[in-house]
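A short write-up of the structure that comes next.
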2 protein chains.
Amino acid sequence: MKRDRQETEQRLLIATGQVLARDGFRKVGVNSIAKQAGVDKVLIYRYFDGLDGLVKRYAAQGDFWPGIDELLGEELIGNKAQAFRSYPLPEQVARVFENYIDAIRSRPLTLEILAWEMVERNELTAHLETIRENLGQQLISLIDPGELSDPELFAGVTALMSASIHYLATRARHIRIYNGINLREEAGWDQIKRALRHLALSSI
Amino acid sequence: MKRDRQETEQRLLIATGQVLARDGFRKVGVNSIAKQAGVDKVLIYRYFDGLDGLVKRYAAQGDFWPGIDELLGEELIGNKAQAFRSYPLPEQVARVFENYIDAIRSRPLTLEILAWEMVERNELTAHLETIRENLGQQLISLIDPGELSDPELFAGVTALMSASIHYLATRARHIRIYNGINLREEAGWDQIKRALRHLALSSI
DNA sequence: GCATATTGTCACCACCTGGTGACAATATGC
DNA sequence: GCATATTGTCACCAGGTGGTGACAATATGC
């Protein structure tokens, strides 16, 4: 084996993601990651000061979350933010959350971390919390303050919407039907998007 | 030790709930439950055919879920269903979900199982799924079919509402603030209830 | 060149997990 | 009474976990 600390650190970071994606967060541990990386586990303690440090570094370098561009809609090119602002607010909200659904559902690793969050708080989930918070702030900053007559109500409504998406997307990994809706078929998700859009347009 | 199979089985069932409530589902195992019950673990295999069988029996005898009365509102006595039906549908929905929030938040064991569901499917979570399904059907049966112009939309909206409640209530065990809302204070939950009521009244 | 620090390998530890076979203690059927 | 079945105790197994100390192999500084 070559003696190259940087490369071994990289291998461990990559292996972390591989184990997380392949076996789930419950299998994430020094033994499995070291085995996956083809490296001795003692190096995790030397280079990252333990599993927590490794996970923290992994969180800092990976991107498991959609950027604002993805949420505004891929069809908008050029100055997205400005074009987006031309929509009425309810339409903006509907679009953002429709895109949010697609963004989260297409990221198995993100779904895994969302499930992890429900059970435990660690370096990775904590990191995701701040990312999410920043993204929320960015989105709110796009809104003309004059349009928000009741910010507290708006925060409540958007909290409910994002929460429901997190739940349904994560839950879809273990169940087929929720409230009569098929979470394993695109038709089911279209039904959810339609309801979401209806809520946005009628309530904001 | 007395030789009484029935009592031993009871002790194991009780111990299952105790371990689940005190240490969380990740600690639920033959060793911890047997120790909690003060009984040898081999009896779990003999009497319940393993941990799965024990959990299944535990699921069948415990009640971790609100009944329909609790969701309709405790203030209604006598013929609840009939009194409840006198409300307009949007008001019915708002009330049910407000009560649902209180019902779930007040049951730590239920919150633990909701978190468990996000990670794994087992005898207990499967049992809870059917309970929940039945409850949903009961609630829908209270609605005059003529009032539902778009049942698919209604299913989507109520799915989003219940999903968001499950998520936020479970998530509150690990984080304080979600989307600027304090999940550890009653004021935060009042804000959520207000948003939920707003959605119900404006969209149904 | 050589001493020193870094990188990697390996064996080992204590502890916990699910699971089982052997055996003692008690109850039951006749 | 006695043979049999049931209940409970205990010791043990293989395999997994996180964590560490000892040592060899290589690179670096002078």
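Letters go in sequence order (proteins before strands), and every chain restarts at 1.
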Taking only Lys NZ, Arg NE, NH1 and NH2, and the carboxylate oxygens of Asp or Glu, determine whether A:Glu185 and A:Arg176 approach each other closer than 4.0 Å.
no
Close approaches to DNA chain D from residues 42-57 of chain A, in residue order (heavy atom, under 4.0 Å):
A:Val42, A:Tyr45, A:Arg46
Kindly indicate whether a cation-pi arrangement holds for B:Arg107 with B:Phe64, taking the cut-offs as under 6.0 Å to the six-membered ring centre and within 45° of the axis.
no
So which pairs with a foot in residues 42-51 of chain A pass side chain to side chain donor-acceptor pair (under 3.5 Å), sequence neighbours left out?
none
Distance-only side-chain donor-acceptor flag, B:Ser162 / A:Tyr178, under 3.5 Å:
yes
Comparing B:Asp40 and B:Arg5 on DNA chain D - which has the more 5′ nearest nucleotide:
B:Arg5
Hey, mind stepping through B:Tyr58 and B:Phe48 against ring-ring contact (aromatic ring centres under 6.0 Å, His included) and telling me if it holds?
CA-CA 10 Å; B:Tyr58 174 72; B:Phe48 298 94; over 10 Å; no
Please determine if a side-chain N or O atom of B:Asn31 lies less than 4.0 Å away from the OP1 or OP2 oxygen of C:dC16.
no
Does the ring of A:Trp65 carry A:Arg132 above it, NZ/CZ under 6.0 angstrom from centre and within 45° of its axis?
yes
Would you mind reading off the distance between A:Lys27 atom NZ and D:dG16 atom P, rounded to a whole angstrom?
9 Å
Starting at NZ of B:Lys41 and ending at P of D:dC12, how long is that distance when rounded to a whole Å?
14 Å
Atom-to-atom span, CD of A:Gln6 to P of C:dT7 - whole angstrom
10 Å
Nucleotide D:dG8, atom C1' - distance to CD of B:Glu7 in whole Å
13 Å
Can you check whether B:Leu43's main-chain N or O pairs, donor with acceptor, with B:Asp40's side chain at less than 3.5 Å?
no
B:Ile33 CD1 - C:dG19 P separation (whole Å)
12 Å
Nearest-Å distance for atom pair NZ/C1', residues B:Lys35 and D:dT9:
16 Å
Where each pair must be Watson-Crick or G-U wobble with both distances under 3.5 Å, what dot-bracket representation of DNA chain D is obtained, with crossing pairs in [ ] and other-strand partners as |?
||||||||||||||||||||||||||||||
Regarding A:Arg85 and A:Glu147, does a basic nitrogen lie under 4.0 Å from an acidic carboxylate oxygen?
no
Could you please name the option among D:dG8, C:dG18, C:dG8 that lies closest to any side-chain atom of B:Thr8?
D:dG8
Between B:His166 and B:Tyr100, ring centroids under 6.0 Å:
yes
Closest to the A:Arg3 side chain: C:dG8, D:dT6, C:dG19?
C:dG8
